[in-house]
2 protein chains.
Amino acid sequence: MERSPNPELACPVAPVVDIVFSRWTTPILWALHEYGRQRFGELERLLPTITPKVLTQRLRQLERDGLVARTYHAEMPPRAEYEITPLGASLGPLFAQLATWADTGLPEVERARQAYDSH
Amino acid sequence: MERSPNPELACPVAPVVDIVFSRWTTPILWALHEYGRQRFGELERLLPTITPKVLTQRLRQLERDGLVARTYHAEMPPRAEYEITPLGASLGPLFAQLATWADTGLPEVERARQAYDSH
DNA sequence: CAGAATCCGCAGAGATACTG
DNA sequence: CAGTATCTCTGCGGATTCTG
């Protein structure tokens, strides 16, 4: 088995992380996956602490990466709707497994932290 | 089905992301998982672009979270070894599924980006 | 060798205000 | 309503230096 000189690049997980697990992307994808198609304002209400600027940035990134689809209606008032794409939905099992790991993993992490913090 | 007021907190994936997918954590875990127990300098060599300060920070975080174990030998010269814990190793299937998703997902993302960038 | 300490730059987040 | 336009500010991360 040959040693790769740079696991940072060889690590097959790293590129996915940049796409799927950057700031705010998982809560956005989760909201769209759970509650279906949402308007911009609805997403703002679902994610109370995000600012419109950042929400726009993340939605654009997700749209560019093909995980989210945007449909814009130039009515008055304007209407923009966001929904998850098949590619985005294909992350579902992954998120499910992540949630499953969290069930037992997070408590263990919490215990490890308390043990560590009390020297 | 009741609507949670804050998917950012309700999203069961979010807390895991902070622990597992913060900067440099996946390449480090990957390296320890692939190549087994490593000394500090060996990790530095495996991750050529990381600085010792950041490597130390991330290793401390991973140790505190119980994903990595550190054994220190106060010899001369000193020797510190890092290995993945059972908890850290329990992320293996997750990483495998992530890598599997990458096989088909990354090319699709790439196509989506090119389509988006050419308007 | 394995780090700690310090200084520094800057990308990205947040707050606020404005527009088609 | 669905964003943009500025501004500010924090925290990550890099570079450098020092030590047991």
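Owing to the predicted nature of the structure, the values given are computational and were not obtained by experimental measurement.
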| Does B:K53 get its side chain close enough to the base of D:dG13, under 3.5 Å, for a donor-acceptor pair? | yes
| task | Would you jot down, in residue-number order, the residues of residues 68-84 of chain A having a non-hydrogen atom under 4.0 Å from DNA chain D? | result | A:R70, A:P77, A:P78, A:R79, A:A80, A:Y82
| request: For B:E44 and D:dA15, give me the distance from atom CD to atom C1', rounded to whole Å. | output: 14 Å
| query | Can you find a pair of side-chain heavy atoms, one from A:E44 and one from A:P52, that are under 4.5 Å apart? | reply | yes
| message | Angle between ring planes, B:F21 versus A:F21, binned at 30° and 60°: parallel, tilted or perpendicular? | response | parallel
| task | Provide, to the nearest angstrom, the distance between the CD1 atom belonging to B:I50 and the P atom belonging to D:dC12. | result | 14 Å
| request: Please round to the nearest 0.5 Å and tell me the distance separating atom OH of A:Y82 and atom CZ of A:F40. | output: 6.0 Å
| field | Rounded distance (Å) that lies between atom P of D:dG13 and atom CG of B:L59 | value | 13 Å
| Phosphate OP1/OP2 of D:dC1 contacted by A:R39 side-chain N/O (<4.0 Å) | no
| Taking all atoms of both residues into account, what is the closest heavy-atom pair of B:A115 and B:S118, and its distance? | O-OG, 3.2 Å
| task | Would you check if B:R37 and B:L32 make a side-chain contact, meaning some heavy-atom pair closer than 4.5 Å? | result | no
| Rounded to the nearest 0.5 Å, how far does CG of B:L43 lie from CD of B:E81? | 10.5 Å
| query | When the distance from CD of A:Q38 to C1' of D:dC1 is rounded to whole Å, what number comes out? | reply | 15 Å
| message | I need the CG-P distance between A:L55 and D:dA2, as an integer number of Å. | response | 11 Å
| field | Boundaries of the DNA chain C segment in contact with chain A, non-hydrogen, under 4.0 Å | value | C:dA13 to C:dG20
| field | Over all atoms of both residues, closest heavy-atom pair of A:L47 and A:A31 | value | CD1-CB, 4.2 Å
| Passes side-chain hydrogen bond (donor to acceptor under 3.5 Å, both in side chains), A:Q57 versus A:R60? Steps please. | CA-CA 5 Å; A:Q57 286 176 345; A:R60 288 289 180 282; over 6 Å; no
